[in-house]
Amino acid sequence: MDFRQLREYREGDSQRQIDWRASARMHKLISREYQDERDQEIVYMLDCGRRMRAKDGELSHFDHALNALLLSAYVAIKQGDAVGLQAFAHPGGAGRLPPVKGESAINLLLNHVYDLHSGTASADFSGAAQQMLADHSRRALVILVTNLRDEDSDELLAAVQLLSRRHLVMVACLRESALDDLTQRPVAGFGDAVELAATRDFLDRRGRLLQQLRARNVLVVDSAPDKLHMALVESYWQLKRSGRI
């Protein structure tokens, strides 16, 4: 954040904003006001693996993720930030766009993603993290967009720990609406009871993985696919307001 001016303290200001010397001179609380520092970098790591082929409504998880990526990238570009992309587990090989900014940036991003699609390969989180570090040395907000499973825990945790040494990491997870619907469905027989128990067990294990990520200071966005675009934009603004990017 760039310093802008001194002003009177307002309710909601953090303690670290208070300028104690100015407050002593003025005999009242004085806060420092900051403005968003421009020219930050945001790099999306987009999972193009087989799990992103899952359907949620008429669109696949991959399509929902791509829509969310483009909208949040547009917001970031309008704020003066640079946006880049690393697609992994893509059938045509890794798709990479170094961070770009300015008026032409969104068109460059659109031209880069128009032929991306999900494939049948499994996502290699460790390999993608190592490639990210090799390609991008400057500190950035790295947003990993994926359809998370609890069996990914060991590899995913190792990957985000590696990324966190240099970058601020966010994991954006698409939560399958069908599973949420199953937990709300009335139980009409033994088969329904077994299905409900299995669903709750899966969601509990997935929830524990998200808790492990948060315990490692990884930012987590867990959203229904059709709401991921707004969740990413909201998270971006929260980071901007807090001065973390």
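Along the sequence shown, residues carry numbers from 1. Predicted model, so just to flag it, every value in this text is computed and none were measured.
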**Steps toward side chain to side chain contact (heavy atoms under 4.5 Å, CB included) verdict (Leu162, Met132)** = CA-CA 10 Å; Leu162 185 63; Met132 174 68 191; over 6 Å; no

Taking all heavy atoms of [X] and all of [Y], pick out the closest pair and write down the distance.
{"X": "Ala65", "Y": "Leu228", "value": "CA-CD2, 4.1 Å"}
{"X": "Ser72", "Y": "Tyr44", "value": "OG-OH, 2.7 Å"}
{"X": "Pro99", "Y": "Glu41", "value": "CG-OE1, 3.8 Å"}
{"X": "Ala89", "Y": "Ser122", "value": "CB-O, 4.0 Å"}

Ignoring hydrogens and geometry, is there a side-chain-to-backbone donor-acceptor pair from [X] to [Y] under 3.5 Å?
{"X": "Glu155", "Y": "Phe125", "result": "yes"}
{"X": "Arg166", "Y": "Leu133", "result": "yes"}
{"X": "Ser23", "Y": "Ile30", "result": "yes"}
{"X": "Asp152", "Y": "Arg149", "result": "yes"}

**Message:** Let me check something: do Leu59 and Leu69 share a hydrophobic cluster, defined by ILVMFWY side-chain heavy atoms less than 4.5 Å apart, either directly or through other members?
**Reply:**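 Per the 4.5 Å side-chain linkage, Leu59 and Leu69 are not co-clustered.
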
**Asked** Should Ile77 and Leu110 be regarded as members of a common hydrophobic cluster, given that ILVMFWY residues are connected when their side-chain heavy atoms come within less than 4.5 Å of each other, either directly or indirectly?
**Response**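 Both belong to a single hydrophobic cluster.
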
**Item:** Contact list for residues 61-87, test ring pair (Phe, Tyr, Trp, His ring centres under 6.0 Å), sequence neighbours left out
**Value:**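 Every candidate ring pair (Phe, Tyr, Trp, His ring centres under 6.0 Å) pair involving residues 61-87 fails, so no pair, neighbours aside, qualifies.
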
**Message:** I'd like to check the ring-ring contact (aromatic ring centres under 6.0 Å, His included) partners of His117; sequence neighbours left out, ordered by chain and number.
**Reply:**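 Residues passing ring-ring contact (aromatic ring centres under 6.0 Å, His included) with His117: His90.
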
Mind checking the [atom1]-[atom2] spacing from [X] to [Y]? Nearest 0.5 Å is all I need.
{"X": "Ser153", "Y": "Arg206", "atom1": "OG", "atom2": "CZ", "answer": "13.0 Å"}
{"X": "Leu144", "Y": "Met45", "atom1": "CG", "atom2": "CE", "answer": "5.5 Å"}
{"X": "Ile106", "Y": "Lys101", "atom1": "CD1", "atom2": "NZ", "answer": "15.5 Å"}
{"X": "Arg175", "Y": "Asp222", "atom1": "CZ", "atom2": "CG", "answer": "5.0 Å"}
{"X": "Ser126", "Y": "Leu163", "atom1": "OG", "atom2": "CG", "answer": "9.5 Å"}
{"X": "Gln211", "Y": "Arg216", "atom1": "CD", "atom2": "CZ", "answer": "12.0 Å"}

**Asked** Given side chains that start at C-beta, do those of Asp56 and Leu174 come closer than 4.5 Å, heavy atoms only?
**Response**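 Not touching, per the 4.5 Å side-chain cut-off.
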
**Prompt:** Looking at side-chain heavy atoms only, is the closest gap between Glu33 and Arg10 below 4.5 Å?
**Reply:**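 With C-beta onward as the side chain, the pair touches.
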
**Message:** We want to know whether Gln86 and His136 form a side-chain donor-acceptor pair, criterion being a heavy-atom distance below 3.5 angstrom.
**Reply:**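 Checked: Gln86/His136 side chains show no N/O donor-acceptor pair below 3.5 Å.
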
**Prompt:** With a cut-off of 6.0 Å (strictly less than), are more than 12 heavy atoms of other residues, nucleotides or ligands near CG of Asp115?
**Reply:**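 Yes, the 6.0 Å shell around CG holds more than 12 heavy atoms from other groups.
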
**Asked** Got a sec, which residues hit side chain to side chain contact (heavy atoms under 4.5 Å, CB included) with Arg32, two or more places apart in sequence or on another chain?
**Response**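 Residues passing side chain to side chain contact (heavy atoms under 4.5 Å, CB included) with Arg32: Phe3, Leu6, Asp19, Tyr34.
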
Which other residues end up in the same hydrophobic cluster as [X], if Ile, Leu, Val, Met, Phe, Trp and Tyr are linked when side-chain heavy atoms come under 4.5 Å apart?
{"X": "Phe190", "result": "Val194"}
{"X": "Tyr9", "result": "Ile18, Trp20, Leu29"}
{"X": "Leu196", "result": "Val187"}

**Message:** Under 4.0 Å between a side-chain nitrogen and a carboxylate oxygen: does that hold for Asp201 and Arg205?
**Reply:**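 Yes, Asp201 and Arg205 are salt-bridged.
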
